[in-house]
Amino acid sequence: MGDLLTIGAFARAARLSPKALRLYDELGLLRPAAVDAESGYRFYDADQLERARLIAWLRRLGMPLARVRRVCDLGAAEAAAEIAAYWDHVVAETAARGRLATFLVDYLSGRGSAVADEVSTLGIRYAARSVSGLVRTSNEDVAYAGSRLLAVADGMRGPGGDRASAAAVAALVPLETRSVPADELLGVLAEAVGEADQAIRDIAESTPSGEVVTTLTAMLWAGSRLALVHIGDTRAYLLRGGELFQITHDHSHVQSLVDEGRLTAEEAASHPHRAMLVRALTGSGTSRPDLSLHTALAGDRYLLCSDGLSAVVPTGALREALIGTGDPERVLDDLLELAYEAGAPDNIACVVADVVEV
């Protein structure tokens, strides 16, 4: 085997475990330089240490394996930009979780909320639409936008799917006119989603199969605070400072494979089971949505959409459409045009909202 390093020696030099090296070999992220034909023992070249150390550093950052693979395959400048974008996203998410943790600690300890119900100096301009795809004969997508509530839902095709998505959004609509302090946003939104799940259970009992499914992504505002609820593969995006961030995480089978490093994002986009959900509202009360608290800034632009848009329009094209100076109605026109140019195989629900000073 010449001057090759054993897997143990290479692991120590790269500060990785042999178990991690075996996983990276299986995923095609870091192949050994040679494998003994009889024992199957792996050997590595010293020239592979730079890639191995980069992988170790990126994993210490918490970067998912699929994104690590992408960074490792880029040139130095592009890799640096990708890492910077990833860390900006981590910082934004960590700040949001920190605010949520502070709120929960204060609330549960009886000290009240650290999140003030401030006088509103921000408002939103918004637009919402739900349209049929080019090959669909029914539309189970729902989009809603008001001065305090934004929501999209995507019901599964079949009996009751359209009623399930409509019921999910309808359960939240009363919050539009309800005065909710900022420190109660998450609790109120969670209660409304529970009511939506009960309504969906009643719908399921009226269908031949006894089952209905819908996704739901919604935002509820108070002052500069917004509570986000999400379950399924409808999405919420934030455009801030010219950068586009997906602020929800798909609850789908292929996304779980991407998270585990078994699929790349590109492979997931064309996977035959990309529409298979691992979490959704079904009326069973067993699937819990993600809940998070965020701070809005003047100049932010939010997009909520069903997979009829996100599955066919690349992120770069979404950003280009959202970064334009048109009002939300005009931006919706541009987004729908992109979906139809891509064939619009599914129905499309979209909400665009701009945060403005009032």
Side-chain angles (χ1 to χ4, degrees), residues 128 130 133 136 138-145 149-173 186 189-190 192-201 203-204 207 209 211-220 227-238 245-259 263 265 268-269 271-292 294 302-313 315 318 339 345-351:
S130 176
R136 290 298 178 91
S138 61
N139 186 2
E140 294 81 17
D141 288 13
V142 175
Y144 175 89
L149 177 70
L150 312 174
V152 294
D154 181 0
M156 185 176 68
R157 294 182 71 188
D162 55 345
R163 289 187 289 148
S165 57
V169 174
L172 272 57
V173 169
L186 287 174
L189 195 54
V193 174
E195 294 171 4
D197 206 47
Q198 292 178 16
I200 291 168
R201 180 181 60 195
I203 295 169
T207 64
S209 66
E211 297 179 351
V212 292
V213 175
T214 186
T215 67
L216 177 66
T217 300
M219 291 178 171
L220 180 65
L228 172 65
V229 63
H230 164 71
I231 188 166
D233 61 357
T234 40
R235 291 182 177 180
Y237 293 88
L238 164 63
F245 304 96
Q246 181 182 332
I247 58 174
T248 54
H249 193 73
D250 292 352
H251 300 139
S252 64
H253 173 63
V254 294
Q255 183 60 53
S256 66
L257 296 178
V258 171
D259 294 341
L263 283 180
H271 196 281
H273 300 307
R274 60 186 179 276
M276 184 183 298
L277 300 176
V278 295
R279 264 199 276 170
L281 292 179
T282 62
S284 65
T286 57
S287 293
R288 299 301 180 187
D290 294 338
L291 285 159
S292 56
H294 303 258
Y302 289 89
L303 166 66
L304 278 62
C305 65
S306 63
D307 62 344
L309 179 70
S310 59
V312 298
V313 180
T315 303
L318 289 178
D346 200 353
N347 302 315
I348 309 151
C350 287
V351 173

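Numbers here are sequence positions counted from 1.
Smallest separation of non-hydrogen atoms from V229 and P289: CG2-CB, 3.7 Å. A167 approaches I203 most closely through the heavy-atom pair CB-CD1, 3.7 Å. When every heavy atom of A280 is checked against every heavy atom of V213, the shortest pair comes out as CB-CG1, 3.5 Å. Across all non-hydrogen atoms, the minimal contact from L189 to A227 is CD2-O, 3.7 Å. Listed here is the closest heavy atom pair of C350 and I348: SG-CG2, 3.7 Å. Between S252 and V278, the shortest heavy-atom distance links the atoms N-CG2, 3.8 Å.
Contact check for L303 versus V351: no side-chain heavy atoms found under the 4.5 Å cut-off. Within the 4.5 Å cutoff, no side-chain heavy atoms of I231 are placed close to those of D290. Two residues are said to be in side-chain contact when any heavy atoms from C-beta on lie closer than 4.5 Å; L220 and L172 fail this criterion. In this structure, L318 and L309 have side chains that are in contact, with non-hydrogen atoms separated by less than 4.5 Å. For the pair Y144/L150, no side-chain contact is recorded, criterion being any heavy-atom separation below 4.5 Å from C-beta on. In this structure, the side chains of D197 and E195 stay at 4.5 Å or more apart for every pair of heavy atoms.
We find that R235 and D307 are not joined by a salt bridge, their nearest charged nitrogen and carboxylate oxygen being 4.0 Å or further apart.
With sequence neighbours left out, R163 forms a salt bridge (Lys or Arg N to Asp or Glu O under 4.0 Å) with no residue at all. With sequence neighbours left out, R201 forms a salt bridge (Lys or Arg N to Asp or Glu O under 4.0 Å) with no residue at all.
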(request) Given ring pair (Phe, Tyr, Trp, His ring centres under 6.0 Å), test H230 with H251 step by step and report yes or no. (result) CA-CA 9 Å; H230 164 71; H251 300 139; 4.8 Å; yes

(message) Determine whether V212 and M156 satisfy the following criterion, side chain to side chain contact (heavy atoms under 4.5 Å, CB included), listing intermediate values before the conclusion.
(response) CA-CA 7 Å; V212 292; M156 185 176 68; over 6 Å; no

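Looking only at distances, a side-chain donor or acceptor of S165 sits under 3.5 Å from a matching main-chain atom of E140.
The one candidate from D154, T215, D141 that meets the side-chain hydrogen bond (donor to acceptor under 3.5 Å, both in side chains) condition with S306 is D141.
The line from OG1 of T282 to CD of E211 is 8.0 Å long, rounded to the nearest 0.5 Å. To the nearest 0.5 Å, atoms CG (L238) and CZ (F245) are separated by 7.0 Å. One distance of note links OH of Y237 with CD1 of I247; it measures 11.0 Å at 0.5 Å rounding. The CG atom of D233 lies 9.5 Å from the OG1 atom of T248; values are rounded to the nearest 0.5 Å.
For the residue pair N139/S130, the side-chain donor-acceptor check at 3.5 Å is satisfied. T234 and T217 are linked by a side-chain donor-acceptor pair at a separation below 3.5 angstrom, with hydrogens and angles left out of the test.
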